[in-house]
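FYI, the numbering just counts along the sequence from 1.
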Amino acid sequence: MPVREAKAAPGGARVSVVTGDEELLVERAVARLVAAAEGEGVAREVAAGALAPGELASITAPSLFDAVPVVVVRDAQDAGKEVAEELAALAAEPLPDVTLVITHAGGAKGKALLAKLTGSGAQVAQYPKITRFGDRMTFIREEFRAEGRRIDDGGLRALIDALGSDLREIASACAQLAADTTGTIDQTVVARYYRGRAEASGFAVADRAVEGRLAEALEYLRWALAVGVSPVLITSALAQGVRLIGRVGAASRSQPAAALAAELGAPPWRIDKVRQQLRGWTPDGIARAHGAVAEADAQVKGEGANPGYALEVAVRTIVACRTSR
(Lines give C-alpha, C1' and ligand atoms only; values in the text may rest on other atoms or scores of the structure.)
Protein backbone atom coordinates (compact mmCIF):
# COMPACT_ATOMS: atom_id res chain seq x y z
CA MET A 1 0.00 0.00 0.00
CA PRO A 2 1.28 3.51 -0.74
CA VAL A 3 1.84 4.58 2.86
CA ARG A 4 4.66 5.53 5.14
CA GLU A 5 4.07 3.91 8.50
CA ALA A 6 3.91 5.89 11.74
CA LYS A 7 6.17 4.43 14.40
CA ALA A 8 7.59 5.61 17.68
CA ALA A 9 9.44 8.85 17.10
CA PRO A 10 13.16 8.21 16.66
CA GLY A 11 15.93 9.93 18.55
CA GLY A 12 13.60 11.73 20.94
CA ALA A 13 11.75 13.53 18.15
CA ARG A 14 8.67 15.21 19.56
CA VAL A 15 6.55 16.08 16.52
CA SER A 16 4.76 13.65 14.20
CA VAL A 17 2.52 14.55 11.26
CA VAL A 18 0.00 11.99 10.01
CA THR A 19 -1.51 12.88 6.64
CA GLY A 20 -4.17 11.37 4.39
CA ASP A 21 -7.88 10.71 4.21
CA GLU A 22 -7.90 6.96 4.90
CA GLU A 23 -9.49 7.47 8.30
CA LEU A 24 -8.94 3.99 9.72
CA LEU A 25 -5.22 4.00 8.97
CA VAL A 26 -4.83 7.55 10.27
CA GLU A 27 -6.56 6.58 13.52
CA ARG A 28 -4.33 3.53 13.92
CA ALA A 29 -1.20 5.59 13.28
CA VAL A 30 -2.21 8.18 15.87
CA ALA A 31 -2.99 5.43 18.39
CA ARG A 32 0.48 3.90 17.89
CA LEU A 33 2.20 7.23 18.35
CA VAL A 34 0.19 8.08 21.45
CA ALA A 35 0.77 4.64 22.95
CA ALA A 36 4.53 5.02 22.41
CA ALA A 37 4.54 8.38 24.18
CA GLU A 38 1.91 7.97 26.88
CA GLY A 39 4.41 6.59 29.35
CA GLU A 40 5.72 10.15 29.52
CA GLY A 41 2.41 11.88 30.14
CA VAL A 42 -1.33 12.11 29.65
CA ALA A 43 -2.67 12.46 26.11
CA ARG A 44 -4.82 15.45 25.27
CA GLU A 45 -6.78 15.63 22.00
CA VAL A 46 -8.16 18.73 20.30
CA ALA A 47 -9.64 19.64 16.92
CA ALA A 48 -7.58 22.29 15.13
CA GLY A 49 -10.70 24.09 13.94
CA ALA A 50 -11.89 24.52 17.54
CA LEU A 51 -8.66 26.11 18.78
CA ALA A 52 -8.60 29.82 19.51
CA PRO A 53 -5.41 31.85 19.02
CA GLY A 54 -3.11 31.35 22.01
CA GLU A 55 -4.96 28.28 23.27
CA LEU A 56 -2.34 25.89 21.92
CA ALA A 57 0.23 27.28 24.36
CA SER A 58 -1.88 26.39 27.38
CA ILE A 59 -2.73 22.96 26.03
CA THR A 60 0.92 22.07 25.47
CA ALA A 61 1.99 23.29 28.91
CA PRO A 62 3.13 20.58 31.37
CA SER A 63 0.55 19.42 33.89
CA LEU A 64 0.60 20.26 37.59
CA PHE A 65 2.25 16.92 38.22
CA ASP A 66 5.06 17.65 35.74
CA ALA A 67 3.94 14.84 33.42
CA VAL A 68 5.00 15.39 29.84
CA PRO A 69 1.85 16.08 27.80
CA VAL A 70 1.04 14.17 24.64
CA VAL A 71 -1.05 16.47 22.46
CA VAL A 72 -3.00 15.27 19.43
CA VAL A 73 -4.20 18.05 17.12
CA ARG A 74 -6.65 16.63 14.61
CA ASP A 75 -7.60 18.03 11.20
CA ALA A 76 -4.91 20.70 11.00
CA GLN A 77 -6.33 21.77 7.62
CA ASP A 78 -9.25 23.34 9.54
CA ALA A 79 -7.03 25.58 11.69
CA GLY A 80 -7.50 29.34 11.50
CA LYS A 81 -4.65 31.49 10.22
CA GLU A 82 -3.19 32.37 13.64
CA VAL A 83 -3.53 28.84 14.98
CA ALA A 84 -1.89 27.49 11.82
CA GLU A 85 1.05 29.81 12.43
CA GLU A 86 1.28 28.59 16.04
CA LEU A 87 1.28 24.96 14.90
CA ALA A 88 3.98 25.63 12.33
CA ALA A 89 6.12 27.44 14.92
CA LEU A 90 5.70 24.61 17.42
CA ALA A 91 6.66 22.03 14.82
CA ALA A 92 9.72 24.06 13.77
CA GLU A 93 10.90 24.48 17.37
CA PRO A 94 9.42 21.61 19.40
CA LEU A 95 9.13 22.01 23.14
CA PRO A 96 11.42 19.56 24.94
CA ASP A 97 8.62 18.43 27.22
CA VAL A 98 5.79 17.96 24.70
CA THR A 99 5.00 15.14 22.26
CA LEU A 100 2.87 16.58 19.45
CA VAL A 101 0.89 14.49 16.96
CA ILE A 102 -0.82 16.42 14.15
CA THR A 103 -3.23 15.01 11.58
CA HIS A 104 -3.97 16.62 8.21
CA ALA A 105 -6.28 15.39 5.43
CA GLY A 106 -3.56 16.04 2.87
CA GLY A 107 -5.67 17.89 0.33
CA ALA A 108 -5.54 21.44 -1.00
CA LYS A 109 -7.10 22.93 2.12
CA GLY A 110 -4.37 23.97 4.53
CA LYS A 111 -1.70 23.00 1.99
CA ALA A 112 0.67 25.77 3.07
CA LEU A 113 0.52 24.64 6.69
CA LEU A 114 1.17 21.02 5.68
CA ALA A 115 4.26 22.11 3.72
CA LYS A 116 5.59 23.92 6.78
CA LEU A 117 4.86 20.97 9.06
CA THR A 118 6.49 18.39 6.80
CA GLY A 119 9.44 20.68 6.08
CA SER A 120 10.19 21.26 9.75
CA GLY A 121 11.90 17.92 10.34
CA ALA A 122 8.84 16.31 11.89
CA GLN A 123 8.26 12.59 11.47
CA VAL A 124 5.74 12.14 8.65
CA ALA A 125 3.39 9.21 7.92
CA GLN A 126 1.16 9.25 4.83
CA TYR A 127 -2.13 7.38 4.42
CA PRO A 128 -3.89 8.37 1.18
CA LYS A 129 -7.23 6.78 0.33
CA ILE A 130 -6.83 3.16 -0.75
CA THR A 131 -8.54 2.85 -4.13
CA ARG A 132 -6.66 0.12 -5.98
CA PHE A 133 -7.84 -3.49 -5.83
CA GLY A 134 -4.30 -4.65 -5.23
CA ASP A 135 -3.86 -2.37 -2.23
CA ARG A 136 -7.10 -3.59 -0.66
CA MET A 137 -5.97 -7.17 -1.16
CA THR A 138 -2.63 -6.35 0.50
CA PHE A 139 -4.45 -4.70 3.39
CA ILE A 140 -6.63 -7.78 3.95
CA ARG A 141 -3.63 -10.12 3.84
CA GLU A 142 -1.84 -7.98 6.41
CA GLU A 143 -4.89 -7.91 8.68
CA PHE A 144 -4.98 -11.70 8.76
CA ARG A 145 -1.20 -12.00 9.03
CA ALA A 146 -1.31 -9.80 12.15
CA GLU A 147 -3.72 -12.33 13.65
CA GLY A 148 -1.50 -15.25 12.65
CA ARG A 149 -3.99 -16.34 9.99
CA ARG A 150 -3.98 -16.82 6.23
CA ILE A 151 -6.56 -16.06 3.54
CA ASP A 152 -6.26 -17.49 0.02
CA ASP A 153 -6.99 -15.69 -3.26
CA GLY A 154 -10.54 -17.04 -3.46
CA GLY A 155 -11.28 -15.76 0.02
CA LEU A 156 -9.81 -12.36 -0.86
CA ARG A 157 -12.01 -12.01 -3.94
CA ALA A 158 -15.10 -13.09 -2.04
CA LEU A 159 -14.45 -10.65 0.80
CA ILE A 160 -13.89 -7.70 -1.54
CA ASP A 161 -16.98 -8.62 -3.56
CA ALA A 162 -18.99 -8.70 -0.35
CA LEU A 163 -17.71 -5.55 1.32
CA GLY A 164 -16.42 -3.29 -1.45
CA SER A 165 -14.02 -0.49 -0.52
CA ASP A 166 -14.97 0.45 3.06
CA LEU A 167 -11.68 -0.24 4.87
CA ARG A 168 -13.19 -0.02 8.34
CA GLU A 169 -15.82 -2.60 7.47
CA ILE A 170 -13.21 -4.81 5.84
CA ALA A 171 -11.03 -4.64 8.96
CA SER A 172 -14.00 -5.55 11.15
CA ALA A 173 -14.80 -8.53 8.93
CA CYS A 174 -11.18 -9.70 9.04
CA ALA A 175 -11.21 -9.56 12.83
CA GLN A 176 -14.48 -11.52 12.97
CA LEU A 177 -13.30 -14.21 10.56
CA ALA A 178 -9.95 -14.52 12.36
CA ALA A 179 -11.70 -14.95 15.72
CA ASP A 180 -14.54 -17.24 14.62
CA THR A 181 -12.85 -19.64 12.20
CA THR A 182 -9.87 -21.97 12.00
CA GLY A 183 -7.49 -22.93 9.20
CA THR A 184 -7.04 -21.10 5.92
CA ILE A 185 -9.84 -18.65 5.14
CA ASP A 186 -11.14 -19.43 1.67
CA GLN A 187 -14.14 -18.53 -0.47
CA THR A 188 -16.34 -21.12 1.29
CA VAL A 189 -15.60 -19.62 4.70
CA VAL A 190 -16.27 -16.07 3.52
CA ALA A 191 -19.49 -17.13 1.78
CA ARG A 192 -20.75 -18.70 4.99
CA TYR A 193 -20.58 -15.31 6.71
CA TYR A 194 -21.14 -12.84 3.87
CA ARG A 195 -22.91 -14.59 0.98
CA GLY A 196 -25.93 -12.31 1.22
CA ARG A 197 -23.70 -9.24 1.28
CA ALA A 198 -21.77 -10.32 -1.79
CA GLU A 199 -24.90 -11.04 -3.76
CA ALA A 200 -26.41 -7.70 -2.75
CA SER A 201 -23.33 -5.61 -3.54
CA GLY A 202 -22.97 -3.01 -6.27
CA PHE A 203 -20.31 -5.20 -7.87
CA ALA A 204 -22.81 -8.05 -8.31
CA VAL A 205 -25.16 -5.63 -10.07
CA ALA A 206 -22.37 -4.25 -12.27
CA ASP A 207 -21.08 -7.68 -13.29
CA ARG A 208 -24.49 -8.80 -14.48
CA ALA A 209 -25.18 -5.51 -16.25
CA VAL A 210 -21.96 -5.55 -18.30
CA GLU A 211 -22.58 -9.22 -19.11
CA GLY A 212 -26.01 -8.34 -20.54
CA ARG A 213 -27.97 -10.32 -17.92
CA LEU A 214 -30.77 -7.79 -17.47
CA ALA A 215 -33.21 -9.80 -15.33
CA GLU A 216 -30.49 -10.83 -12.89
CA ALA A 217 -28.98 -7.34 -12.78
CA LEU A 218 -32.36 -5.80 -11.89
CA GLU A 219 -33.01 -8.51 -9.30
CA TYR A 220 -29.66 -7.87 -7.62
CA LEU A 221 -30.18 -4.12 -7.84
CA ARG A 222 -33.52 -4.30 -6.05
CA TRP A 223 -32.07 -6.65 -3.47
CA ALA A 224 -29.10 -4.34 -2.84
CA LEU A 225 -31.37 -1.33 -2.37
CA ALA A 226 -33.69 -3.34 -0.11
CA VAL A 227 -30.88 -4.29 2.28
CA GLY A 228 -29.56 -0.75 2.45
CA VAL A 229 -26.65 -0.61 0.01
CA SER A 230 -26.03 3.06 -0.78
CA PRO A 231 -27.09 4.10 -4.32
CA VAL A 232 -23.79 6.02 -4.56
CA LEU A 233 -21.85 2.78 -4.02
CA ILE A 234 -23.88 1.08 -6.73
CA THR A 235 -23.19 3.83 -9.27
CA SER A 236 -19.52 3.65 -8.31
CA ALA A 237 -19.51 -0.10 -9.01
CA LEU A 238 -21.30 0.43 -12.33
CA ALA A 239 -18.77 3.10 -13.32
CA GLN A 240 -15.88 0.86 -12.37
CA GLY A 241 -17.35 -2.04 -14.34
CA VAL A 242 -17.86 -0.02 -17.51
CA ARG A 243 -14.49 1.71 -17.16
CA LEU A 244 -12.66 -1.62 -16.88
CA ILE A 245 -14.52 -2.95 -19.92
CA GLY A 246 -13.22 0.03 -21.88
CA ARG A 247 -9.65 -0.08 -20.62
CA VAL A 248 -9.21 -3.85 -20.83
CA GLY A 249 -10.89 -3.90 -24.24
CA ALA A 250 -8.46 -1.29 -25.56
CA ALA A 251 -5.42 -3.27 -24.38
CA SER A 252 -3.70 -5.95 -26.41
CA ARG A 253 -5.08 -9.44 -25.85
CA SER A 254 -1.51 -10.68 -25.79
CA GLN A 255 -0.62 -8.54 -22.81
CA PRO A 256 -0.34 -10.74 -19.71
CA ALA A 257 -3.08 -10.24 -17.12
CA ALA A 258 -0.50 -9.50 -14.41
CA ALA A 259 1.11 -6.72 -16.47
CA LEU A 260 -2.24 -5.16 -17.37
CA ALA A 261 -3.38 -5.49 -13.76
CA ALA A 262 -0.36 -3.52 -12.58
CA GLU A 263 -1.07 -0.84 -15.17
CA LEU A 264 -4.77 -0.50 -14.30
CA GLY A 265 -4.56 -1.01 -10.55
CA ALA A 266 -6.72 -4.15 -10.59
CA PRO A 267 -5.84 -7.69 -9.51
CA PRO A 268 -5.02 -10.22 -12.28
CA TRP A 269 -8.14 -12.27 -11.57
CA ARG A 270 -10.24 -9.18 -12.22
CA ILE A 271 -8.56 -8.66 -15.60
CA ASP A 272 -9.30 -12.28 -16.54
CA LYS A 273 -12.93 -11.80 -15.56
CA VAL A 274 -13.32 -8.57 -17.55
CA ARG A 275 -11.82 -10.23 -20.63
CA GLN A 276 -14.59 -12.79 -20.41
CA GLN A 277 -17.14 -9.95 -20.18
CA LEU A 278 -15.92 -8.14 -23.32
CA ARG A 279 -18.09 -10.05 -25.78
CA GLY A 280 -20.73 -7.79 -27.31
CA TRP A 281 -19.03 -4.51 -26.41
CA THR A 282 -17.97 -1.88 -28.94
CA PRO A 283 -16.26 1.48 -28.36
CA ASP A 284 -19.53 3.28 -29.15
CA GLY A 285 -21.47 1.09 -26.73
CA ILE A 286 -18.91 1.69 -24.00
CA ALA A 287 -19.11 5.45 -24.53
CA ARG A 288 -22.90 5.41 -24.26
CA ALA A 289 -22.73 3.21 -21.16
CA HIS A 290 -20.35 5.73 -19.56
CA GLY A 291 -22.90 8.44 -20.29
CA ALA A 292 -25.68 6.41 -18.67
CA VAL A 293 -23.63 5.88 -15.52
CA ALA A 294 -22.72 9.58 -15.34
CA GLU A 295 -26.40 10.49 -15.60
CA ALA A 296 -27.32 8.00 -12.86
CA ASP A 297 -24.53 9.33 -10.65
CA ALA A 298 -25.89 12.86 -10.94
CA GLN A 299 -29.42 11.63 -10.19
CA VAL A 300 -28.49 9.70 -7.05
CA LYS A 301 -26.38 12.59 -5.75
CA GLY A 302 -29.28 14.97 -5.62
CA GLU A 303 -30.47 15.93 -9.07
CA GLY A 304 -33.22 13.31 -9.13
CA ALA A 305 -36.04 12.42 -6.77
CA ASN A 306 -35.83 8.64 -7.15
CA PRO A 307 -32.33 7.08 -6.96
CA GLY A 308 -33.73 3.57 -7.42
CA TYR A 309 -35.42 4.48 -10.67
CA ALA A 310 -32.28 6.26 -11.92
CA LEU A 311 -30.20 3.15 -11.20
CA GLU A 312 -32.70 0.89 -12.96
CA VAL A 313 -32.58 3.14 -16.04
CA ALA A 314 -28.78 2.98 -15.96
CA VAL A 315 -28.74 -0.81 -15.72
CA ARG A 316 -31.20 -1.16 -18.59
CA THR A 317 -29.16 1.26 -20.70
CA ILE A 318 -25.87 -0.53 -20.00
CA VAL A 319 -27.37 -3.86 -21.04
CA ALA A 320 -28.82 -2.27 -24.19
CA CYS A 321 -25.46 -0.70 -25.05
CA ARG A 322 -23.84 -4.11 -24.89
CA THR A 323 -26.37 -6.01 -26.97
CA SER A 324 -27.01 -3.34 -29.63
CA ARG A 325 -24.85 -3.21 -32.76
Side-chain angles (χ1 to χ4, degrees), residues 1-132 135 138-139 142 146 167-168 171:
M1 290 177 288
V3 301
R4 291 173 56 189
E5 293 290 343
K7 303 175 182 177
R14 289 295 185 184
V15 181
S16 298
V17 180
V18 183
T19 73
D21 53 359
E22 191 61 78
E23 293 182 1
L24 175 66
L25 299 185
V26 169
E27 288 176 10
R28 288 181 174 182
V30 170
R32 285 194 298 272
L33 291 165
V34 169
E38 268 191 325
E40 305 172 20
V42 178
R44 307 173 190 175
E45 186 169 323
V46 294
L51 286 173
E55 191 176 357
L56 189 61
S58 62
I59 292 173
T60 55
S63 73
L64 295 175
F65 300 99
D66 293 325
V68 178
V70 181
V71 178
V72 178
V73 180
R74 292 195 177 272
D75 301 321
Q77 72 277 0
D78 295 331
K81 182 178 179 181
E82 291 182 48
V83 173
E85 292 173 353
E86 293 172 6
L87 278 170
L90 191 57
E93 297 184 20
L95 298 175
D97 52 358
V98 175
T99 296
L100 183 64
V101 180
I102 303 170
T103 73
H104 189 291
K109 185 178 181 182
K111 185 177 181 179
L113 171 59
L114 180 59
K116 291 179 182 179
L117 293 174
T118 56
S120 66
Q123 178 184 226
V124 179
Q126 300 170 338
Y127 298 92
K129 199 74 173 176
I130 292 179
T131 58
R132 295 166 66 96
D135 290 338
T138 299
F139 173 80
E142 291 178 351
L167 216 62
R168 194 181 301 277

Q: With sequence neighbours excluded, give me every side-chain hydrogen bond (donor to acceptor under 3.5 Å, both in side chains) pair touching residues 21-30.
A: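 Checked against side-chain hydrogen bond (donor to acceptor under 3.5 Å, both in side chains) - neighbours excluded - the pairs reaching residues 21-30 are Glu27-Arg168, Arg28-Glu143.
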Q. Does any pair with a residue in residues 71-85 pass side-chain hydrogen bond (donor to acceptor under 3.5 Å, both in side chains), and if so which ones, sequence neighbours excluded?
A.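 Qualifying pairs, neighbours excluded: Glu45-Arg74, Asp78-Lys109.
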Q. Donor-acceptor pair, Glu86 side chain versus Gly54 backbone, under 3.5 Å?
A.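 At least one qualifying donor-acceptor pair exists.
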Can you give me the closest heavy-atom contact between [X] and [Y], atom names plus distance?
X	Y	answer
Ala37	Thr99	CB-CG2, 3.7 Å
Leu24	Ala171	CD2-CB, 3.7 Å
Ala88	Lys116	CB-CD, 3.9 Å
Leu25	Ile130	CD1-CD1, 3.9 Å

Q) Tell me the salt bridge (Lys or Arg N to Asp or Glu O under 4.0 Å) pairs involving residues 119-128, sequence neighbours left out? A)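 Checked against salt bridge (Lys or Arg N to Asp or Glu O under 4.0 Å) - neighbours excluded - no pair reaches residues 119-128.
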Q: Taking side chain to side chain contact (heavy atoms under 4.5 Å, CB included) as the test, write out the residues that go with Thr131, two or more places apart.
A: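 Applying side chain to side chain contact (heavy atoms under 4.5 Å, CB included) to Thr131 gives Lys129.
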(Q) If the condition is side chain to side chain contact (heavy atoms under 4.5 Å, CB included), which residues does Ala91 pass it with, not counting sequence neighbours? (A)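 So Ala91 forms a side chain to side chain contact (heavy atoms under 4.5 Å, CB included) with Val15, Leu117, Ser120.
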Side chains of [X] and [Y]: does their closest heavy-atom pair fall under 4.5 Å?
X	Y	result
Val17	Leu114	yes
Val73	Val83	no
Leu33	Gln123	yes

(Q) Rounded to the nearest 0.5 Å, what separates atom CD in Gln126 from atom NE2 in His104? (A)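 Rounded to the nearest 0.5 Å, the CD-NE2 separation comes to 12.0 Å.
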Q: Measure the CG-CD1 distance between Leu87 and Ile102 for me, rounded to the nearest 0.5 Å.
A: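 Leu87 atom CG to Ile102 atom CD1 measures 5.0 Å (nearest 0.5 Å).
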**Q.** Residue list, side-chain hydrogen bond (donor to acceptor under 3.5 Å, both in side chains) with Glu55, at least two apart or on another chain
**A.**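 Partners of Glu55 under the side-chain hydrogen bond (donor to acceptor under 3.5 Å, both in side chains) test: none.
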